[in-house]
Protein chains: 2
Amino acid sequence: MTDVDDTDLRVLQLLREDGRRTYSEMAQEVGLSVAAVKRRVDRLRELGVITGFTVEIDHAKLGWGIEAFTEIRYVGTTGVEEIMRDAAELPEVQTVFTIAGDPDALVHLRARDIGHLQQVIDQLRRSGTVTGTKTLMILGSRSRKN
Amino acid sequence: MTDVDDTDLRVLQLLREDGRRTYSEMAQEVGLSVAAVKRRVDRLRELGVITGFTVEIDHAKLGWGIEAFTEIRYVGTTGVEEIMRDAAELPEVQTVFTIAGDPDALVHLRARDIGHLQQVIDQLRRSGTVTGTKTLMILGSRSRKN
DNA sequence: AATGAAATTACGCTGCG
DNA sequence: CGCAGCGTAATTTCATT
């Protein structure tokens with residue numbers, strides 16, 4: 001497959017913790033030169049292991065305090081591509097997961113308030129071939145930090 | 001609460017697209033000086049709007065091709081903190097979401113293969129006060145890129 | 001209070017061994 | 001992979017509105 005060694009994994013780990021880490025800092029951590037670390041990161045990008053870098057945002061602080069998952073069921077003729085396209089259009093949709101079995105999709109949503117959430121769910125239900133939804137309200141979450 | 005203006009939002013958007021963008025590049029985009037953009041980013045970090053930066057990884061390319069959500073139900077006496085702690089221990093657990101109602105938690109998992117996934121689910125079921133699980137296998141996903 | 005310009009420091013990048 | 005040199009970016013300071 002792809003040959004990624006332990007040093008690559010350590011570099012990835014360091015970048016997961018802080019995606020803006022400097023090469024110099026990582027070089028010290030893994031005991032290589034700055035150039036060597038840069039070459040590894042470049043290579044991981046070319047391999048497609050690293051798909052990008054991004055900022056982590058506290059959406060609640062931006063006034064988007066509501067978070068939910070909505071399970072969606074579609075009529076049997078609906079294709080995966082169609083599901084993805086429909087749902088991923090809305091700005092409130094964080095991620096669309098297509099699922100094997102039941103439900104057909106799981107959509108991660110963010111909204112300003114409950115009213116806004118209801119509006120988004122209504123839009124999802126209206127779009128085409130949806131037969132039903134079930135929404136799970138998220139109270140909190142914890143991602144692995146280390 | 002927090003005053004975040006349109007320029008801040010544009011900077012956040014630029015950092016969402018590429019978390020390693022230079023201040024110079026963003027400065028040109030938003031029509032401010034490099035120093036002004038840096039100060040805004042620093043301020044957004046202090047406000048807690050920006051919680052960090054990270055790398056986006058194609059886990060399948062690292063041999064973790066299996067992705068799933070597992071809904072978990074607990075006995076009535078189980079507290080939220082306990083749920084978080086138990087589940088977030090495992091390295092296969094990406095994120096633990098606590099849910100209002102039924103189920104009690106939704107856990108985003110990654111594993112190397114189906115056998116590995118089953119092993120992880122068994123561990124979750126064993127840990128303490130779990131009364132039942134239902135696992136949704138993820139076939140694909142699409143996050144909002146723009 | 002937030003900005004831009006300038007100066008200093010640090011880092012990114014490339015070619016060569 | 002490391003080293004070295006040059007260009008670019010980050011960061012701090014200072015002056016301005």
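Throughout, protein chains are lettered first and strands after them, A, B, ... in sequence-line order, and every chain is numbered starting at 1.
Salt-bridge check for A/Lys38 with A/Asp42: passed, with a basic side-chain N closer than 4.0 Å to an acidic carboxylate O. B/Asp86 has no carboxylate O lying under 4.0 Å from a charged side-chain N of B/Arg126, or vice versa, which leaves the two without a salt bridge.
For B/Leu47 and C/dA2, the CG to P distance is 10 Å, given to the nearest whole Å. In this structure, CD of B/Glu25 is placed 12 Å from C1' of D/dA9, rounded to the nearest angstrom. Atom CZ of B/Arg20 is separated from atom C1' of D/dA10 by 13 Å (rounded to the nearest Å). Note: CD (B/Glu29) to P (D/dA9) measures 14 Å, nearest angstrom. Between the CD atom of B/Glu46 and the P atom of C/dA1 there is a distance of 15 Å, given to the nearest Å. Protein atom CG of B/Asp3 is 12 Å distant from nucleotide atom C1' of C/dA2, rounded to whole Å. When rounded to the nearest whole Å, the span between CG of B/Asp42 and P of C/dA2 equals 13 Å. In this structure, B/Asp5 places its CG atom 9 Å from P of C/dA2, rounding to the nearest Å.
Here the nucleotide nearest the side chain of B/Lys38, chosen from D/dT11, D/dG2, C/dC13, is D/dT11. In the set C/dC13, C/dT3, D/dA10, C/dT3 carries the atom at the smallest distance from any side-chain atom of B/Leu32. Considering only the side chain of B/Ala35, C/dA5 comes nearest among D/dT11, C/dC11, C/dA5. The side chain of B/Thr22 has D/dA9 as its nearest neighbour among D/dA9, C/dG12, D/dT11.
The backbone N or O of A/Ile57 sits less than 3.5 Å from a side-chain atom of A/His59, completing a donor-acceptor pair. A donor-acceptor pair is defined here as one N or O able to donate and one able to accept, closer than 3.5 Å; such a pair exists between the side chain of B/Thr51 and the backbone of A/Glu56.
Between A/Phe69 and A/Phe97, the angle of the ring planes lies from 30° to 60°, which puts this pair in the tilted group.
The residue A/Ala36 sits close only to the backbone: its heavy atoms come under 4.0 Å of sugar-phosphate atoms, none of a base.
The side chain of B/Arg40 contributes no N or O atom lying less than 4.0 Å from OP1 or OP2 of C/dA2. Taking side-chain N and O atoms only, B/Ser24 has a distance below 4.0 Å to OP1 or OP2 of D/dA10. In this structure, B/Arg39 does not reach the C/dA1 phosphate: none of its side-chain N or O atoms is under 4.0 Å from OP1 or OP2.
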